[in-house]
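The structure appears below as structure tokens.
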Amino acid sequence: MKRRQLRGFDLNQLNSVSNLIGVDEVGRGAFAGPVVAAAVVVTREFLESRWAVAKSGRINDSKLLSAEQREELWGEFEVLAAEGRIHANHGSASVEEIAELNILGATKLAMRRALGGI
């Protein structure tokens, strides 16, 4: 049910705009290591596509996926991007940047880097 509610929310947002950008981070709660963010731009056509209907539920929470599943999905995103169906990018902030900016600042930096590539 949650998957349908999220897709419905996203589709509703597209009533007033042509594209929707999603940004999320991973690694923010980790004990050590970089923080990584991803940004994806989608259209109503994509959200109504067979791929999105079938697989959107798998990407609700990356913590529920194995590293192999995340890599597989990123590969699919790269194919979708090469086909021009989505635009996707990722950015990161290093351990040194986390120490300098704090985790919130480093998270925002990673997100800006991800957005800068789409």
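By convention here, the first residue in the shown sequence is residue 1.
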Problem - Within 6.0 angstrom of E68 CD, more than 12 heavy atoms from elsewhere - result: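 No, because the 6.0 Å sphere around CD of E68 holds 12 heavy atoms or fewer from other groups.
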
Can [Y] be reached from [X] by stepping across I, L, V, M, F, W or Y side chains whose heavy atoms are under 4.5 Å apart?
{"X": "L11", "Y": "V17", "result": "yes"}
{"X": "L47", "Y": "L73", "result": "yes"}
{"X": "V36", "Y": "L65", "result": "no"}
{"X": "W51", "Y": "V42", "result": "yes"}
{"X": "M111", "Y": "V40", "result": "no"}

Closest heavy-atom pair and its distance - [X], [Y]:
{"X": "A110", "Y": "V35", "value": "CB-O, 3.9 Å"}
{"X": "A114", "Y": "A37", "value": "CB-O, 3.7 Å"}
{"X": "A39", "Y": "V23", "value": "CB-CG2, 4.0 Å"}
{"X": "L109", "Y": "A93", "value": "CD2-CB, 4.3 Å"}

Side chains of [X] and [Y]: does their closest heavy-atom pair fall under 4.5 Å?
{"X": "R85", "Y": "V79", "answer": "no"}
{"X": "E48", "Y": "V53", "answer": "no"}
{"X": "W74", "Y": "E78", "answer": "yes"}

Handout entry: Approximate separation, where rounding is to 0.5 Å, of D10 CG and F46 CZ
Key =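 Going from the CG atom of D10 to the CZ atom of F46 covers 11.0 Å.
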
Practice task
Mind checking the CZ-CD spacing from R44 to Q13? Nearest 0.5 Å is all I need.
Solution key: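 Spacing of CZ (R44) from CD (Q13) equals 10.5 Å.
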
Quick one: which residue pairs count as a side chain to side chain donor-acceptor pair (under 3.5 Å) with a foot in [range], not counting sequence neighbours?
{"range": "residues 34-43", "result": "none"}
{"range": "residues 16-32", "result": "none"}
{"range": "residues 99-118", "result": "E97-R113"}

Problem - From V41, I118, L80, residue fulfilling side-chain contact (heavy atoms from CB on, under 4.5 Å) relative to I86 - result: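 Result for side-chain contact (heavy atoms from CB on, under 4.5 Å) with I86: L80.
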
